[in-house]
There are 2 protein chains.
Amino acid sequence: MITNRLTVTRIADVVADSLEKRILEGSLKPGDRLPSERDFAVELGVSRPTLREALQKLISKGLLATRHGGGTFVTDRLESHFVDPWQEMISGHPMLHSDLLEFRQMLESQSASLAAERATNVDIERLDTLYATLDSVYESDDVKACIDADVAFHQAIAEAAHNVLIGHLTSSLMRLIHGHVSINLEHLHARPQRWNQLRSQHHAIWQAIRERQPDMAARAASSHIEFVVQNMGDANLEAERRQSALRRQVESERNLEIKGPLLTG
Amino acid sequence: MITNRLTVTRIADVVADSLEKRILEGSLKPGDRLPSERDFAVELGVSRPTLREALQKLISKGLLATRHGGGTFVTDRLESHFVDPWQEMISGHPMLHSDLLEFRQMLESQSASLAAERATNVDIERLDTLYATLDSVYESDDVKACIDADVAFHQAIAEAAHNVLIGHLTSSLMRLIHGHVSINLEHLHARPQRWNQLRSQHHAIWQAIRERQPDMAARAASSHIEFVVQNMGDANLEAERRQSALRRQVESERNLEIKGPLLTG
DNA sequence: ATTCTTTATTGGTAATACCACTTAAATAAT
DNA sequence: ATTATTTAAGTGGTATTACCAATAAAGAAT
């Protein structure tokens with residue numbers, strides 16, 4: 001009588017592990033919404049109570065969150081663990097920006113290198129489409145769209161590196177520096193020559209990954225960030241100038257009328 | 001129509017919290033067996049699926065354990081309450097170890113490189129003393145002291161890189177992989193030849209930083225981690241063997257006497 | 001007394017129905 | 001045409017019920 005052995009694995013646990021894996025690997029990103037419990041149950045081939053048990057497990061782990069009537073969502077607990085300690089520190093100490101960019105340079109060159117080694121065909125296809133939209137949107141005047149496309153492009157490279165730590169860390173870092181990227185891009189958008197340099201840099205990275213040349217990809221990514229760093233310096237100088245001008249203006253206004261709370265520190 | 005109010009608190013959560021409280025307070029002691037799900041459900045005045053959701057939560061927290069057909073029992077470990085989500089992920093998904101080590105390789109080679117560039121005199125002095133203790137303690141049989149000295153050495157290098165991100169991330173990583181480092185070092189300690197290789201690797205890193213040679217430092221650190229990775233593979237194989245042996249032992253014990261609840265999974 | 005079989009009990013899974021909440025589209029009022 | 005309201009569809013939350021599979025204890029056969 002050999003009836004046992006296999007049934008010891010509970011279905012709910014299998015489902016939970018599978019979902020956890022998908023979240024960890026990044027195929028389910030923070031903020032993503034899962035299908036409805038009914039649909040998801042039939043999709044996975046299990047009953048709704050079983051699915052709910054699995055979801056409950058992940059909810060108690062903090063990986064998922066539900067809103068009654070709204071849906072089930074993937075939390076950002078894994079990434080916020082990276083970001084949260086830094087968020088206020090960065091904004092409070094601007095001198096950390098250089099550290100941040102230095103780290104980003106290391107991370108992205110490594111990402112590009114690994115991506116050139118390991119990218120699968122679907123990764124390449126994804127990079128192709130993202131690069132296409134990135135390049136096309138750079139011709140438009142929609143700076144906001146440029147940022148999104150830029151972030152998506154770099155994130156896709158990080159995910160093609162097939163290292164979950166690099167993937168999540170890149171995503172965290174992107175969120176952290178999002179504001180600065182936007183400042184920087186607006187700064188560069190007013191300078192067509194440098195703006196085009198950015199495009200050629202993106203092309204170099206993309207091409208190196210496509211042609212499976214890790215070293216070249218790493219160098220391209222590295223010099224790309226270096227270029228960003230230089231211009232970031234200019235942008236920051238300009239932003240600093242504007243800010244101090246604003247401070248003076250605010251102060252003179254305060255002398256006139258002292259009223260609402262000023263939030264800026 | 002104000003019909004809501006109370007339903008925002010989910011019944012399953014209330015039940016789970018109540019049970020957790022009773023366990024933590026001690027009215028439910030480790031090893032205690034809970035009533036059957038059906039009885040318990042009517043006793044608490046909830047449905048069985050709701051009770052099961054509550055139980056599931058506590059099971060995933062590690063406070064309860066079930067045996068199919070046997071019953072539900074209170075476990076004896078209460079500490080796994082506040083855990084780093086990444087820590088949990090790492091222990092749950094062993095395939096992450098390679099990602100972790102790959103990231104560590106990138107991080108530490110960059111650390112060494114930057115340290116060789118930027119280390120101040122006090123950094124160098126600190127590294128000197130730490131290297132001295134590291135080298136001396138490697139001659140003793142105190143593996144625990146070796147781990148501490150090793151961690152301190154690498155941490156000091158990361159801090160000599162003068163990048164707060166790298167510093168903090170390195171310490172986080174060290175905490176994360178501390179257990180594996182100890183396994184690995186114990187494994188290597190039984191192999192004097194490789195043990196001495198470790199010492200020469202540390203020497204190479206230290207020397208390259210002292211002599212201000214970034215590339216050499218990066219290469220030394222990189223090959224050091226690579227060496228660790230290889231031996232980590234061996235150590236993991238051995239650990240896997242021990243674990244499967246333990247599994248067999250547990251199974252044979254179960255065949256002999258089936259009595260109290262076996263908590264091992 | 002020991003071993004094997006049986007049986008009641010337990011946890012695991014599933015199907016179904018209904019409730020409460022959220023969202024957004026459709027409608028009514030301005 | 002715009003805004004505010006209503007309504008309907010969809011979602012997660014809970015409960016009921018039933019059946020399956022594994023366990024453990026009682027009983028029967030040796």
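Proteins get letters first, then strands, A, B, ... in listed order; numbering begins at 1 in each.
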Short side-chain N/O contact from [X] to OP1 or OP2 of [N], under 4.0 Å:
X	N	value
A/R67	D/dG13	no
A/T66	D/dG13	yes
B/T72	C/dG11	yes

Inset, instruction - Sequence neighbours left out, what passes side-chain hydrogen bond (donor to acceptor under 3.5 Å, both in side chains) with B/T50? Give chain and number order. - result: B/S47
Inset, instruction - Using the test side-chain hydrogen bond (donor to acceptor under 3.5 Å, both in side chains), find all partners of A/R52 that sit at least two apart in sequence or belong to another chain. - result: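 Applying side-chain hydrogen bond (donor to acceptor under 3.5 Å, both in side chains) to A/R52 gives A/E37, B/E53.
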Between atom [atom1] in [X] and atom [atom2] in [N], what is the gap in whole Å?
X	N	atom1	atom2	value
B/L64	C/dT10	CG	P	17 Å
A/Q56	C/dT13	CD	C1'	17 Å
A/R33	D/dT11	CZ	P	6 Å
A/L55	D/dT14	CG	C1'	15 Å
A/H68	D/dT11	NE2	C1'	7 Å

Legend entry - Interface with DNA chain C, restricted to residues 35-54 of chain B and to heavy atoms under 4.0 Å: B/P35, B/S36, B/E37, B/R38, B/R48, B/R52
Inset, instruction - Answer yes if the ring centres of A/H202 and A/Y131 are under 6.0 angstrom apart, and no otherwise. - result: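 A/H202 vs A/Y131: aromatic centres not under 6.0 Å.
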Legend entry - Set of residues satisfying ring pair (Phe, Tyr, Trp, His ring centres under 6.0 Å) with respect to A/H189, sequence neighbours excluded: A/W195
Legend entry - Residue closer to the 5' end of DNA chain D, B/A12 versus B/G69 (nearest nucleotide): B/A12
Under 3.5 Å donor-acceptor pairs involving side-chain atoms of residues 18-25 of chain A, not counting sequence neighbours:
residue : atom : partner : partner atom : Å
A/E20   : OE1  : A/K61   : NZ           : 2.9
A/E20   : OE2  : A/K61   : NZ           : 3.4
A/E20   : OE2  : B/H93   : NE2          : 3.0

Legend entry - Residues that A/D150 engages under salt bridge (Lys or Arg N to Asp or Glu O under 4.0 Å), provided they are two or more places apart: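 With neighbours one apart ignored, the set is empty.
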